[in-house]
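Below is one structure, written out as structure tokens; comments come after it.
Numbering of ligands and ligand atoms starts at 1, following listing order.
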Amino acid sequence: MSVPKAPNSTRAVHAGGPAVRANHTLTPSIAQTATYTFDNTADLEQYMRGEDPDPEREEYGRYGNPTVRELEQRVTALEGAEDGVAFSSGMAAISTAVLSLVKSGEHVVLFNDCYRRTRQLVRSVLSRFGIEHDVVPAGDLRALEAVLRPTTRLVLSEAPTNPFLYCVDLQKLSEVVKRHGRIRTLVDSTMATPINCRPLDFGVDLVVHSATKYLSGHNDVLGGVAVGAAHLVSLLRDSRGVLGTVLDPHAAFLILRGLKTLGLRVERQNTTALEIAHTLEQHPAVERVFYPLLESHPSYGVARAQMTGGGGIVSFVVRGGGDAASRVVDACRIAKIAPSFGGPETLIEQPALMSYFEASPEELERIGISPALVRLAVGVEETTDLLRDLLEALKTV
Ligand code: PLP
């Protein structure tokens, strides 16, 4: 198994841009345009025939934009991909990718501990179009292999998963899937970031990110990116032009700006989250802690081998049930109650009351979400301040 050697901070700052920009600006301009002009009809015809001398020339805003293109190229470089395409949100990236890769009569497999809206997309939306699916336990490659069919075209995974931070062995996943023919693997690597893990290095076909999270890093913009082999990315780009899941150039600028500090932020969040995870594990008011780099985590070995950091999310079960967990959440002064993660502000939530509020008791039971489970998404505040805040809050238990 090859492990990424170093964080990608230099690429996060520089990759994707031209050597010299128009007017010698240091930072990218926002190409705030909906359309592009042609000098004359011959110029237009040359472009339509695919013979324009400028390969980056655009025709219309839904098909491409230079600021968005710079973002696509930077994330492509960070993930070690051939090409990339940006979208208006993480779900826009995931839904456009899935709709590009499967059709009626085909079959999709996904792991149960993955983003709820991705599960909903597969279960409720794809099923209406005659696309069948199976959901298998997170990281269970035997269970995965058992449900693969001749019509399976896509395996969807996250690494790590949310909220239990389960790390599927990406190399084994790719090997299992490749043994079975024309199946593509799509990994949502939002939680890992290319600083902590690069799934393409392990043979995965496509990587998607909610750029809303760590890539932009400031809780102020929505976006998504997919990267991988050029021929696959090209399918997604064509679908984006039809579905209209296109990223706004100003949002692309904000994500490019946020990316410059990705390495710094993620390294800080890795360190703080690990320290909090260790502290919580010793705390009498905490029943169980989930963090990929805790030896007690079921996928610790895989996480150690394929990640260079454990990420910024720590999930834990508070002793005393849902009410006790709510008291802890309410008593936090620095951590704000909100969904999402990956920004400078530490956020806290009980998944049963937030992302899983509408889930049936059976679904909660199946996925293992108890009301006492708390998800802490670490920001970039001082580690000592965050620890003090949490320890104070745990006194309410
Ligand atoms: N993937 C993961 C792992 C997420 O946590 C989320 C959102 O929380 C998404 C995808 C969707 O991203 P967005 O909110 O940008 O659509």
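Grouped by direct or indirect side-chain proximity (heavy atoms under 4.5 Å, Ile/Leu/Val/Met/Phe/Trp/Tyr only), V380 sits alone.
Near ligand 1, residues S89, G90, M91, I94, Y115, E158, N162, D188, T190, S210, T212, K213, G223, F341 come within 4.0 angstrom through at least one heavy atom.
The distance between the ring centers of Y36 and Y60 does not fall below 6.0 angstrom. When ring centroids are compared, F341 and Y214 come within the 6.0 Å threshold.
Applying the side-chain hydrogen bond (donor to acceptor under 3.5 Å, both in side chains) test to S239 and every residue at least two apart in sequence or in another chain returns S100.
The closest donor-acceptor contact from the side chain of T272 to the backbone of R268 lies under 3.5 Å.
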Which atom pairs, donor and acceptor, lie under 3.5 Å between side-chain atoms of residues 177-189 and protein residues at least two apart or in another chain?
| from | atom 1 | to | atom 2 | distance (Å) |
| --- | --- | --- | --- | --- |
| K178 | NZ | G203 | O | 2.6 |
| R179 | NH2 | E145 | OE1 | 3.3 |
| R179 | NH2 | E145 | OE2 | 3.1 |
| H180 | NE2 | E145 | OE2 | 2.9 |
| T185 | OG1 | D205 | N | 3.0 |
| T185 | OG1 | D205 | OD2 | 3.3 |
| D188 | OD1 | T190 | N | 3.0 |
| D188 | OD1 | T190 | OG1 | 2.5 |

